[in-house]
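Order of the sequence lines fixes the chain letters, A, B, ..., with proteins taken first and strands second; residue numbering starts at 1 for each chain.
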Protein chains: 2
Amino acid sequence: MGAFTIGEVARRAAISIDTVRYYERRHLLPAPARRASGYRQYGDEDVQRLRFIRRAKALGFALEDIRSLLDLSIDHERGVHGLRARTEAKLADIDARIAQLQKMRRGLRQLVADCPGSGALDHCPILAALGGKEPA
Amino acid sequence: MGAFTIGEVARRAAISIDTVRYYERRHLLPAPARRASGYRQYGDEDVQRLRFIRRAKALGFALEDIRSLLDLSIDHERGVHGLRARTEAKLADIDARIAQLQKMRRGLRQLVADCPGSGALDHCPILAALGGKEPA
DNA sequence: CTTGACTCTGGACCACGCTCCAGGGTTTAG
DNA sequence: CTAAACCCTGGAGCGTGGTCCAGAGTCAAG
């Protein structure tokens, strides 16, 4: 369906025009067809791809990671060479991220639970935990 | 009771000398006393402060956040409220990230399940999981 | 006194992920 | 036809969080 201008595709993907061109330069988005005038022409698949990028970015993936995720799906279309290994590597990466965040979360959760919400800062467990002693 | 040089304080806090000076420029660390020669002189409280910064950073706080946390510690009456609120906000942010990562993880799991290393699929589950439709 | 390790300043530079700008050309509504 | 709104390119600039460098001075050991 779509034969969108860059402005339309940007609006549909809820990102800026500059960002669309930036992603093209960074090869996260394939170079689109051009009109005779030089205007870029996009389709629905580009909107999908840009939304994918936006969501993955919101999950904390670097653009480079996202590019490899996208490459992964291209491999998928082409017939799956080494796809499983790469997918599992990505999965391990995600698990590590989750574990890291959960560790962080437990630390902060405990601090909030212990925090009286009032009183002298000298007794604040958050500061105590952050400023605590270390071995060596 | 130290009277540490920048090298010593950096080593004790497990960060680089350049980073110590960088934190000073960014006002995360007060400008230290100087020897007649101009050498910076640090004390134990600086080591503590640098360790605080390192820990807070590991918990996901931006340097700017950390600077306000440190500033808050000056305001003993109000400090705890602000600190607790900031910590809780950070916690909510972390929870959201975990939830989204788990969603993505499920998508990738599905991809692995659907694609055991050979054969072809006509649809990418990652795109399905993350590139899904949006309102408008 | 010499040597080597350390420190000083200021500024350049890096990666990341945009964001904006100038100075053009194009498209479209009235 | 005109004017507004859009698009093009290339490159500069920005915020974050550092890292590295030159060219100079300082300190401690032998």
Atom-to-atom span, OH of Tyr22(B) to P of dT9(C) - whole angstrom: 17 Å
Should Tyr39(A) and Ile6(A) count as side-chain neighbours, where that means a heavy-atom distance under 4.5 Å? no
Over how many whole Å does the gap from Arg35(A) atom CZ to dT26(C) atom P extend? 12 Å
Regarding the side chain of Ile17(A), the nearest nucleotide among dT7(C), dC7(D), dG17(C) is dC7(D)
Considering only dT19(D), dT19(C), dG17(D), which nucleotide approaches the side chain of Leu63(B) most closely? dG17(D)
Is a donor-acceptor contact shorter than 3.5 angstrom present between the side chain of Tyr39(B) and the base of dC6(C)? yes
Between Arg25(A) and Gly38(A), which is nearer to the 5' end of DNA chain D once each is assigned its nearest nucleotide? Gly38(A)
Separation of dC27(D) atom C1' from Phe4(B) atom CZ, nearest Å, is 18 Å
Closest of dT19(C), dC20(D), dT9(D) to the Thr19(A) side chain is dT19(C)
Closest approach to the side chain of Asp18(B), judged atom by atom: which nucleotide of dG17(C), dT7(C), dT19(D) is it? dT19(D)
Taking the side chain of Ser37(A) as its heavy atoms from C-beta onward, which of dT27(C), dG18(D), dC7(D) lies nearest to it? dT27(C)
Ignoring backbone atoms, establish whether Arg34(A) has a side-chain N or O less than 4.0 Å from OP1 or OP2 of dT9(D). yes
N/O donor-acceptor pair, side chain Tyr23(B) with base dG18(D), under 3.5 angstrom: no
Is the phosphate of dG18(D), meaning OP1 or OP2, less than 4.0 Å from a side-chain N or O of Lys57(B)? yes
Checking the side chain of Arg40(A) only, and the main-chain atoms of Thr5(A) only, is there a donor and an acceptor separated by less than 3.5 Å? no
Length of the CD-C1' vector between Glu8(B) and dA5(C), whole Å: 13 Å
Minimum heavy-atom separation for Ala10(B) and Ser16(B), please, with both atom names. CB-C, 4.0 Å
Hydrophobic clustering (ILVMFWY, side-chain heavy atoms < 4.5 Å, transitive) - are Leu70(A) and Ile15(A) grouped together? yes
Can you measure Glu24(A) atom CD to dG10(D) atom C1' for me and round it to whole angstrom units? 14 Å
Atom CD of Gln41(B) and atom C1' of dC8(C): how far apart are they, to the nearest Å? 14 Å
Side-chain touch Phe4(A)/Arg12(A), heavy atoms, less than 4.5 angstrom: yes
Minimum side-chain heavy-atom gap Arg67(A)-Leu63(A) below 4.5 Å: no
Minimum-distance nucleotide (side-chain atoms of Arg21(A) versus dG17(D), dC8(D), dT7(C)): dC8(D)
Reckon Arg40(A) has a side-chain N or O less than 4.0 Å from the OP1 or OP2 of dT9(D)? yes
Using atom CD of Glu64(A) as one end and atom P of dC18(C) as the other, report the distance to the nearest whole Å. 13 Å
May I have the distance from Ile6(B) (atom CD1) to dC6(C) (atom C1'), rounded to whole angstrom? 11 Å
Looking only at dT16(D), dG18(D), dG17(C), the nucleotide nearest the Arg26(B) side chain is dT16(D)
